[in-house]
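Everything numeric in this text was worked out from a predicted model, so none of it was measured.
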Amino acid sequence: MQRVPVSILPLATFPSRDPALRAPDSPRHKANSTPTLPFGSLPNWHESFTAWCNYWRSCLLSCPPATDPHDEWNRGGTLPRGADIRESIDPPSSTDRLLHAAMGQLSWGISPAALGLAYADWAFHFAVSPGKWRRLQEKTVRKAIRFATYALEGAAVPSCPLCIEPLPQDQRFCGEAWQRWPFKLIYQGFLLQQQWWHNATTGIGGVSAHHEQVVSFVARQLLDTVSPVNFIATNPEVFEATVRSGGLNLLQGASNFLVDWERTIGGKPPVGAEDFQPGLQVAVTPGQVVYCNRLIELIQYAPHTEQVNAEPILIVPAWIMKYYVLDLSPANSLVKYLVERGHTVFMISWHNPQAADRDLGMDDYLRLGVLDALGAVRAIVPEQPVNMVGYCLGGTLLAIAAAYLAGRGDASINSLTLLAAQTDFTEAGELTLFIDDSQLNYLEDIMWDQGYLDTRQMAGVFQLLRSNDLIWSRVVHEYLMGRREPLIDLMAWNADATRMPYRMHSEYLRRLFLDNDLFEGRYKVDGHSIVLSDIRAPIFVVSTEGDHVAPWRSVYKIHLISETEVTFVLTSGGHNAGIVNEPGHHGRHFRIARRAAGEKYSDPDNWAHTAAATAGSWWPAWAAWLEQRSGGPTSPPALGSPEQGYAPLGPAPGRYVLER
């Protein structure tokens with residue numbers, strides 16, 4: 001039999017992994033010459049195939065060692081310690097980003113892919129869980145029997161026990177009108193449906209915890225849209241108001257809606273916000289701006305007493321909000337309270353970023369913000385350590401700064417106070433619903449297009465987290481009942497939101513929320529990891545019972561990594577109202593306990609059980625804690641220090657707080 005010649009393509013036909021090997025005349029090619037197959041005929045196809053395999057094996061073995069740390073992982077090995085798999089992802093194209101940015105305008109910045117992945121995870125595992133189907137069918141039958149029995153009993157005895165109790169935080173059906181027939185039956189049926197859907201979207205084996213939370217959250221949002229509270233015929237309070245006024249409430253509600261719509265599309269503040277302007281009605285504590293850079297203004301407040309505590313206080317508010325939440329009206333201003341207690345108070349006022357500030361990162365906020373402000377305070381009040389206070393995101397940045405300074409042996413900090421601030425982000429409340437790789441990639445493309453995260457996009461997320469209180473309650477009261485609730489100072493401040501720079505917000509969400517680098521010791525400053533356990537200054541931590549942004553059990557985790565004295569406070573109220581908690585506020589209470597350095601850890605539930613509740617505000621307890629760590633009274637420092645380069649630049653509240 002005649003042998004059939006088999007042609008083997010020369011090496012140049014196959015592109016090499018190394019660009020240098022693609023050039024036959026390059027020195028690198030000569031140094032790493034690849035063996036070639038002899039041309040000619042082979043005995044049969046088996047020998048031909050074997051030779052072909054040997055040829056490619058010799059090509060691979062002749063390639064130079066990989067220098068990319070991910071190459072070993074790509075070949076089936078292990079990823080080197082500290083290497084980030086995201087570094088190997090191809091950079092997105094402008095087309096991709098523009099498409100995602102356009103989609104984000106329609107989806108409130110929420111990634112459709114993230115929602116789709118969560119739903120697919122839940123739907124697939126639900127589809128292959130016949131045991132779950134059976135349990136839901138049983139629940140359906142039991143709930144139907146309970147509801148039918150309740151309907152019959154309630155028709156005869158209206159005061160009979162409820163079929164299902166609302167959740168403690170659900171205040172929608174507490175009114176007297178809801179306890180009358182048939183509205184009582186209507187809302188009981190709705191609560192049973194809500195409970196059934198909660199059972200259907202949770203407790204399915206194999207579904208990731210994050211996806212389960214997302215699906216359950218979305219189901220709850222959809223159910224809230226069809227709540228009987230939102231419809232005239234099924235809401236007894238709206239129905240009675242409509243009958244009593246002859247429909248005038250609906251006419252007034254339509255007028256309210258048009259006014260709000262016009263203000264929203266025009267980028268104007270809500271009705272009533274004009275009564276709370278910084279420098280006129282709020283943020284009126286006297287002081288001077290003593291330092292300014294592209295990111296902050298530093299305000300020094302005028303003394304109110306003849307003698308002050310030796311150590312000044314520097315407050316670092318979150319840049320997601322205007323600073324004057326801590327200097328609202330004179331009656332509830334924390335700044336005014338401290339000044340009247342004999343403290344020298346400094347406050348950072350953050351610049352409201354524009355598109356040109358897109359490249360400001362977390363390091364810029366650390367250096368241009370906290371460290372520059374601390375340097376100014378130390379120059380104006382020399383030879384005195386500083387009592388540092390951080391609120392919310394500002395508290396997290398302050399913890400980073402404190403660990404950085406402690407690692408360098410810098411003793412500038414006398415004490416550290418963290419107000420509703422997290423250092424661990426594994427249980428960071430319902431905000432984690434919007435934190436995963438898919439969502440962050442989508443959000444980064446939106447911010448890339450704008451240069452920042454817009455205030456309305458942030459407000460939309462926070463409103464979804466408390467949709468009953470912030471969306472549907474407003475719809476009912478202002479648009480169906482026709483009643484316009486008067487704005488208070490805290491609500492006006494809440495509407496005076498700020499933007500977040502593209503780079504900073506991306507780093508913050510990835511490094512802290514997604515990767516938890518700070519708590520786990522991977523967060524780097526100047527190329528070196530910082531460790532929170534290096535902090536030796538005493539720490540005073542305040543958390544709030546109703547906080548959906550920084551849940552108190554998450555804040556409590558500071559005990560796990562701190563080796564210094566920690567005084568922990570749990571106060572009533574939410575993320576803002578629990579901090580703006582002036583003495584004399586009716587119905588407030590707090591728990592407080594101190595853990596000395598080296599003392600054994602106590603879990604949060606045991607802590608809450610053993611720490612006795614005290615009526616009133618936590619402010620006096622904190623002020624006493626600061627004064628116990630003071631070096632004694634001294635004469636007040638001058639406002640600014642021109643000889644040190646910190647001359648007064650203008651009266652408080654400064655210019656940055658007025659930026660829109």
Check your understanding: Given the rule in the side-chain hydrogen bond (donor to acceptor under 3.5 Å, both in side chains) test, do Tyr601 and Asp603 qualify, once you have shown the distances and angles that lead to the verdict?
Key -> CA-CA 7 Å; Tyr601 172 78; Asp603 67 80; over 6 Å; no
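- Looking at Ser641 and Glu643, their side chains do bring a donor and an acceptor atom within 3.5 Å of each other.
- No side-chain donor-acceptor contact under 3.5 Å links Thr344 and Asn309.
- Ring geometry for Phe217 versus Phe434: interplanar angle over 60°, hence perpendicular rather than tilted (30 to 60°).
- Distance alone, capped at 3.5 Å, places no donor-acceptor pair between the Thr544 side chain and the Leu570 backbone.
- Trp622 and Thr417 share a side-chain donor-acceptor pair at under 3.5 Å.
- Between Arg474 and Glu485 there is no salt bridge, since no side-chain nitrogen of the basic residue lies less than 4.0 Å from a carboxylate oxygen of the acidic one.
- Atoms CG and CG, on Leu509 and Leu440 in that order, are 5.5 Å from each other to the nearest 0.5 Å.
- In the displayed structure, Glu306 atom CD is contacted under 6.0 Å by at most 12 heavy atoms of other residues, nucleotides or ligands.
- Counting only distance, with no hydrogens or angles, the side chain of Glu507 and the backbone of Met362 share a donor-acceptor pair below 3.5 Å.
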Point to revise | Audit row: Tyr502, His505, ring-ring contact (aromatic ring centres under 6.0 Å, His included) steps and yes/no | key: CA-CA 6 Å; Tyr502 160 51; His505 200 49; over 10 Å; no
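- Residues Thr498 and Asn352 bring no donor and acceptor atom of their side chains to less than 3.5 Å of each other.
- Considering only heavy atoms from C-beta on, Arg341 stays 4.5 Å or farther from Leu338 through its side chain.
- Taking the charged nitrogens against the carboxylate oxygens, Arg536 and Glu563 do have a contact shorter than 4.0 Å, which makes a salt bridge.
- Taking the six-membered ring where the residue is Trp, Phe568 and Tyr556 present perpendicular rings, their angle passing 60° and hence far from 30°.
- A distance below 6.0 Å separates the ring centres of Trp619 and Tyr337.
- Pairing each heavy atom of Ala608 with each of Trp552, the nearest pair is CB-CH2, 4.0 Å.
- Taking a cutoff of 4.0 Å between a charged side-chain nitrogen and a carboxylate oxygen, Glu659 and Arg655 do not qualify as a salt bridge.
- With rounding to the nearest 0.5 angstrom, the OG atom of Ser543 is 8.0 Å from the CD1 atom of Ile579.
- Of all the heavy atoms in Ile348 and Gly369, the pair that sits closest is CD1-O, 3.8 Å.
- The two atoms that bring Ala492 and Tyr324 nearest to each other are O-OH, 4.4 Å, heavy atoms only.
- For the residue pair Gln213 / His210, no side-chain donor-acceptor distance below 3.5 Å is found, with atom types taken as modelled.
- Of all heavy-atom pairs between Asp327 and Val284, the closest is OD2-N, 3.7 Å.
- With respect to the salt-bridge test (charged N to carboxylate O, under 4.0 angstrom), the residues Asp496 and Lys322 qualify.
- If you check the side chains of Ser415 and Asn387, you find a donor sitting under 3.5 Å from an acceptor.
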Review point. Passes side chain to side chain contact (heavy atoms under 4.5 Å, CB included), Met500 versus Asp454? Steps please.
Key: CA-CA 7 Å; Met500 304 282 270; Asp454 189 70; over 6 Å; no
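- Note that CD1 of Ile435 and CG of Leu514 are 7.5 Å apart. Values are rounded to the nearest 0.5 Å.
- Taking the ring centre of Tyr452 as origin, the terminal cationic atom of Arg358 falls outside the region bounded by 6.0 Å and 45° from the ring axis.
- Between Arg294 and Asp364 no salt bridge is recorded (no basic side-chain N to carboxylate O distance below 4.0 Å).
- The minimum heavy-atom distance between Pro637 and Gln300, with the atom names listed, is CG-NE2, 4.0 Å.
- Side-chain contact check for Glu545 and Ser572: no donor-acceptor pair (N or O, by modelled atom type) lies under 3.5 Å.
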Practice item. Check the pair Asp605, Arg553 against salt bridge (charged side-chain N to carboxylate O under 4.0 Å, His left out), reporting the backbone distance first and the verdict last. Key: CA-CA 9 Å; Asp605 292 325; Arg553 284 179 173 81; 2.6 Å; yes
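- Side-chain atoms of Asn576 and Tyr391 form a donor-acceptor pair, as typed in the model, at a separation below 3.5 Å.
- The heavy-atom pair separating Ala401 from Leu371 by the smallest distance is CB-CD2, 4.4 Å.
- Side-chain contact check for Thr571 versus Asn581: some heavy-atom pair is nearer than 4.5 Å.
- Note on Arg594 versus Glu565: salt bridge recorded, some NZ/NE/NH1/NH2 to OD/OE distance being below 4.0 Å.
- Arg629 and Glu311 are not joined by a salt bridge, as no carboxylate oxygen comes within less than 4.0 angstrom of a charged side-chain nitrogen.
- Looking at Arg510 and Asp437, a side-chain N of the basic residue comes within less than 4.0 Å of a carboxylate O on the acidic one, giving a salt bridge.
- Using modelled atom types, one finds no donor on one side chain facing an acceptor on the other under 3.5 Å when comparing Asp363 with Tyr365.
- Ring geometry, Tyr508 versus Phe513: the interplanar angle exceeds 60°, so the pair is classed perpendicular (tilted spans 30 to 60°).
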Practice item. Could you give me the CA-CA distance, side-chain angles and deciding distance for Ile592 and Phe540, then say whether side chain to side chain contact (heavy atoms under 4.5 Å, CB included) is met? Key: CA-CA 10 Å; Ile592 184 171; Phe540 192 96; 4.2 Å; yes
